[in-house]
Each structure stands twice: as structure tokens, then as C-alpha cells.
Student: 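For reference, the structure I am asking about is given below.
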Amino acid sequence: MNYIGSKYRLSDFIRATIQGVVGNDLKDKVFCDLFAGTGIVGRTFKPLVKKVIANDLEFYSYVLNRNYIGNHTCIQASEYLNALNQLEGIPGFIYKNYCLGGCDRQYFSDENGQKIDAIRTQIENWKHVKVIEEDLYYFLLASLIESADKVANTASVYSAYLKQLKRTAQKKIEIIPAAFVTTTNTHAVFNQDSNELIKSIEGDILYFDPPYNFRQYGLNYHLLNTIAKYDTFVPVGKTGLRPYDRSDYCSRNKAKPVFEELIKNAKFNYIFLSYNNEGIIPKKEIRKILQRYGKYDLATTGYKRFKAHKTQIRNHKAAQTIEYLHILEKQ
């Protein structure tokens with residue numbers, strides 16, 4: 001997925017830094033990815049550790065992590081994937097509210113919108129009549145979310161759609177399997193507020209990558225939540241927003257106190273925080289807070305990122321960003 005804040009390109013840096021602090025042998029460790037997003041960091045550590053705990057407040061993220069982290073044994077899904085790909089489209093909620101044929105919005109082509117409706121309806125019907133078990137349900141749903149994202153008519157996020165169908169949005173949607181890594185160990189996935197969940201979990205390594213600016217993920221990925229939940233509501237405004245949770249980590253007044261509350265309540269030996277030089281909380285403030293709770297260190301790396309702007313993408317110009325990995329050995 002084209003996901004803001006993705007740690008895909010930084011996963012090797014994160015893994016190497018954590019192993020450099022904790023040790024290379026992590027097979028007896030419990031690893032927590034507290035703001036999991038698409039689950040890239042949790043997926044990196046899944047085959048290395050005893051258990052991964054993954055969490056995110058956004059439901060689309062829960063679905064992805066329930067598949068990529070929660071699923072750990074082989075699933076026979078080819079017949080279901082084939083059946084979904086052969087479905088005829090139906091004019092359902094996505095088509096009526098997010099396609100030109102049903103409204104003024106154009107997040108998907110009419111054909112893809114109707115196909116998404118048909119596939120989402122079929123997956124829910126299979127679950128309702130107990131044709132599929134929970135693991136397969138989330139595998140199919142994660143596959144749909146990622147496949148729909150590939151044909152979305154957006155520049156990057158879902159806070160706006162394009163006036164004309166771009167080339168990738170004109171392609172017919174095909175459900176590609178969201179293949180996950182199998183392990184002998186089980187894992188846990190949650191869909192909760194991180195500052196509440198932290199009070200009831202414990203482990204060895206806590207990694208967290210909270211929002212660092214004013215960008216609300218519930219707004220930018222509202223349509224993925226709608227596909228994941230497939231519930232009924234009245235879309236609001238030109239972009240068809242659904243109600244969404246606002247993170248305190250996106251507030252200049254609230255970010256610092258909720259951050260310290262999380263650190264205070266964390267029952268983990270090692271804590272690693274991903275943040276960057278554009279964050280709401282200054283680096284020196286983060287260091288000051290972490291030093292109250294144990295031994296502090298810092299690792300950094302620079303990387304180039306593209307902004308979701310067609311001119312910059314066309315000219316291959318990228319902004320230089322410094323990624324900070326704050327390290328705390330809690331005492």
C-alpha cells in the first residue's frame with residue numbers, strides 16, 4: 001500500500017538498531033508494535049520473536065494486522081479468491097457514495113466500485129452462514145482492502161479524489177492474496193486506544209510509531225475503514241467522510257502529556273520510539289521525558305520521501321527527512 005508514514009524502507013534500520021540494543025537472538029522475546037499501521041514492523045519481527053502484539057485504533061489497520069500478524073498457519077483460500085474475482089458487480093454502498101455513477105465523487109471507477117460492493121457483500125455472507133472461519137475472513141478482507149487501494153482514484157490518501165480517472169484506477173480490480181508469514185507461535189492483535197491498551201499488556205520490546213503531526217489517519221484513510229466495516233452512515237461533505245477518531249498525538253497541546261503517560265504505564269524492558277525531525281514534540285522534549293524513566297539513547301538515519309504532489313513525483317524531487325529512533329532501557 002501507498003501509506004503515509006510507512007516504515008517499509010526503514011524496517012532494516014529499525015531491526016538492526018533493536019537487535020543491536022537487545023541482542024540478535026529474540027526467539028524468547030515478546031515484541032509489541034503499538035501503532036501498527038499496515039504492520040510492516042510487526043511483520044519484520046514476526047519470524048524472529050516468541051510473540052508479536054500488534055495494535056491500531058483504525059479498523060482497516062486492525063484487519064491488515066489481524067491477517068499479517070494474527071494469522072500464523074497456512075490457509076487454503078484459492079477457491080474463495082477465484083470465486084470473488086468472478087463475481088459480477090452490484091450497485092452497493094461504495095458505488096452509490098464513492099463513484100460517479102452513484103454520486104458526484106470519483107474514488108473508484110463505476111465498474112470497480114460495484115465489484116468492491118459485490119466482493120465485500122460476499123465475504124460478509126460467507127462469514128454469516130459460517131462457510132469461512134475467522135482467520136480466512138480476515139485474510140480475504142485484507143486482500144480486498146489492499147487490492148481496492150491499488151485501483152483507487154487518489155493521489156495518495158483518501159482526503160480527496162482526482163477529477164479524472166488515472167491510469168491505475170482504470171484497471172479492473174483483481175483480488176490479490178495478502179500472503180502472510182507462517183510461524184509456530186501465536187500472536188495477538190488489538191483495535192484499541194494505545195494509551196489504554198498499554199495498561200493491560202506487557203513484554204520485552206515495545207516499538208511505537210505514533211502520529212507525529214496534525215495528520216489524522218481516520219480522515220486520510222476513511223474509505224478503507226468504510227470498506228473494512230461496510231456499515232451504514234451518511235457520508236459528509238465533498239469527500240464523503242465518515243465519523244472518525246481524532247488522535248491526541250496529533251494535537252500540539254495533548255501530544256506530550258499522552259506520550260509521557262504511555263511511557264509511564266509501559267511494562268516493557270526496552271522501548272523504541274520512531275519519530276522524525278518534523279514532529280510536534282521536539283527531540284529535546286522527548287529525550288527529557290524518556291530520561292526520567294531509565295537509560296536513554298538515540299539512533300538516526302536520513303531518508304528521502306516523496307510528497308503526494310504530482311509535480312514533485314514527476315520531477316523525482318524528494319524531501320530529506322531524518323528519522324529518530326529514541327531508545328529507552330526502562331528502569
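These numbers come from the heavy atoms of this one structure, side chains and all, not from hydrogens, waters or symmetry mates. In this chain, numbering begins with 1 at the start of the sequence shown.
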Student: Find the distance between NZ (K7) and CG (D12) and round it off to the nearest 0.5 Å.
Tutor: 14.0 Å

Student: Verify whether one side chain among T154 and Y107 offers a donor that lies under 3.5 Å from an acceptor in the other.
Tutor: no

Student: Of all the heavy-atom pairs spanning A142 and N67, show the shortest one and how long it is.
Tutor: CB-CB, 3.8 Å

Student: Using the test salt bridge (Lys or Arg N to Asp or Glu O under 4.0 Å), find all partners of D56 that sit at least two apart in sequence or belong to another chain.
Tutor: none

Student: Can you tell me if Q192 and N55 form a side-chain donor-acceptor pair at under 3.5 Å?
Tutor: no

Student: Verify side chain to side chain donor-acceptor pair (under 3.5 Å) between N195 and Y249, making sure each step is shown before the conclusion.
Tutor: CA-CA 11 Å; N195 276 58; Y249 287 88; 2.7 Å; yes

Student: Show me the donor-acceptor pairs, under 3.5 Å and distance only, between side chains in residues 324-331 and residues at least two apart or in other chains.
Tutor:
unit_1: H326; atom_1: ND1; unit_2: Y296; atom_2: OH; d: 2.8
unit_1: K330; atom_1: NZ; unit_2: I263; atom_2: O; d: 2.7
unit_1: K330; atom_1: NZ; unit_2: K264; atom_2: O; d: 3.1
unit_1: K330; atom_1: NZ; unit_2: A266; atom_2: O; d: 2.7

Student: Can you tell me if Y98 uses its side chain to pair, donor with acceptor, with the backbone of G240 under 3.5 Å?
Tutor: yes

Student: Using only atom types and a distance under 3.5 Å, with no angle test, would you say the side chain of S251 pairs donor to acceptor with the backbone of S247?
Tutor: no

Student: Could you check whether N65 and S61, counting side-chain N and O atoms only, form a donor-acceptor pair closer than 3.5 Å?
Tutor: yes

Student: K46 and N71: which non-hydrogen atoms are nearest, and at how many Å?
Tutor: NZ-O, 2.6 Å

Student: Please determine whether a side-chain nitrogen of the Lys or Arg among E260 and K256 lies less than 4.0 Å from a carboxylate oxygen of the Asp or Glu.
Tutor: no

Student: Below 4.0 angstrom, N of the basic side chain to O of the carboxylate: do E134 and R66 qualify?
Tutor: yes

Student: Of all the heavy-atom pairs spanning T226 and F93, show the shortest one and how long it is.
Tutor: CG2-CE2, 3.9 Å

Student: Show me the pairs that pass salt bridge (charged side-chain N to carboxylate O under 4.0 Å, His left out) and involve residues 223-232, at least two apart or across chains.
Tutor: D231-R242

